Number of protein chains: 2
Amino acid sequence: MESRKNGHSKVLLGHLEQDILEALWKRGESSGREVFEGVSRDIAITTVLTVLERLVSKGLVEKKRGQEVNLFRCAYTREELAKKLSDEVFRSILGLSASAASAAFVNILADINPIELNRLESLIESKKKELELSGKDA
Amino acid sequence: MESRKNGHSKVLLGHLEQDILEALWKRGESSGREVFEGVSRDIAITTVLTVLERLVSKGLVEKKRGQEVNLFRCAYTREELAKKLSDEVFRSILGLSASAASAAFVNILADINPIELNRLESLIESKKKELELSGKDA
DNA sequence: TTGACATTCTACATTATGTAGAATATTATG
DNA sequence: CATAATATTCTACATAATGTAGAATGTCAA
């Protein structure tokens, strides 16, 4: 439903950027050509190389010289990247309305991965204990 | 720390857009000039008018003819907007790593508004019950 | 050495956002 | 009513992010 601006709908990273990271996570360290094949899109290989290069600039991908070709690999695991990207976005939305954001978060999590609801609950418990400790002398 | 691209650091809406929405939420229905004053920035009033107009295009602000001037107001409450904006972003990050995203969410919520942790917990409980019901015949 | 492939450079298109002057419309008032 | 003061709309530019890829150049193996 969400009225996407136009063609795009990127959120945190561009679509191609995401696909490239996905390919790298799946295949592990790979050459440019392998990444190109991994994303399997009808685009020129130079396009992939260019974006790969940009990801390197952003520090999201690491490049090193292999024997015959350059090799690329993600600088972060999915988890690490999720954490990195979360910060700004969560802060922004939670700042708008913590309650609404929380509700939305739970709804979406339930939709995507309901099992995680339990883990989320545990996380909250832990965090609460943590806060009690740090705040007990107030 | 987050290496901001350049000058910008927008997430979901531009800075000026956010400021304008804030001004509208604070003041309620307002004229263009009032919004301009509300955002109190050293920019031309037409800049505010332009962005206001764009927000109208995006459906985030409503415009109507007042007696002597046009009046603008937010089409959504903070809560509604937070919900609207959450969807895509949360889905994207949760899709990357539900566990990492959950952890980040809890950390940031605890930082911004710890009291909400309790509410979040309740939300999870409710959601879990809800899921049990819908899934009990599986 | 030379052809195939890899890498880098350069460049363009599109979209989003911030910015605002010019042009036009409207209103209040002398 | 004429007109100055405002308000509104139009048009336009700048910058950044992203996708896109051809041209130029580099490298390696047969």
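Within every chain, numbering begins at 1; the chains are lettered A, B, ... in the order of the sequence lines, protein sequences first and strands thereafter. It should be emphasised that the depicted structure is a prediction, and the values quoted were computed from it without experimental measurement. Side-chain atoms are counted along with the backbone in the values below, which use heavy atoms only and exclude waters and symmetry mates.
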Original post:
For the pair made of CG in L21(A) and P in dG19(D), what is the distance, rounded to whole Å?
Top reply: 11 Å

Original post:
How many Å lie between CD on E53(A) and P on dA11(C), as a whole number?
Top reply: 18 Å

Subject >> Nearest-Å distance for atom pair CD/P, residues Q18(B) and dT17(C) >> reply: 10 Å

Subject >> Rounded distance in Å - NZ (K58(B)) to C1' (dT15(C)) >> reply: 11 Å

Original post:
What is the distance, rounded to the nearest whole Å, between atom CG of L12(A) and atom P of dT18(D)?
Top reply: 10 Å

**OP:** Please name the pair of heavy atoms, one in V89(A) and one in L85(A), separated by the smallest distance, quoted to 0.1 Å.
**Re:** CG2-O, 3.6 Å

Original post:
What is the distance from CD1 of I20(B) to C1' of dG18(C), rounded to the nearest Å?
Top reply: 10 Å

Subject >> Over all atoms of both residues, closest heavy-atom pair of I112(A) and G95(B) >> reply: CD1-N, 4.4 Å

**OP:** Report yes or no: do K128(B) and N118(A) form a side-chain donor-acceptor pair below 3.5 Å?
**Re:** yes

Original post:
Tell me, for nucleotides 20-30 of chain D in 5' to 3' order, what letter each nucleotide earns: B for a base near a protein heavy atom under 4.0 Å, S for only sugar-phosphate near one, - for neither?
Top reply: BBBB-------

**OP:** Look at K83(B) together with D87(B) and state whether they make a salt bridge at an N to O cut-off of under 4.0 Å.
**Re:** no

Original post:
When the distance from CG of L49(B) to P of dT17(C) is rounded to whole Å, what number comes out?
Top reply: 18 Å

Subject >> Contacts of type salt bridge (Lys or Arg N to Asp or Glu O under 4.0 Å), residue E68(A), not counting sequence neighbours >> reply: none

**OP:** For the pair K64(B) and E29(B), find out whether any cationic side-chain nitrogen is under 4.0 Å from an anionic carboxylate oxygen.
**Re:** yes

Subject >> Separation of dT18(D) C1' from H15(A) NE2 (nearest whole Å) >> reply: 11 Å

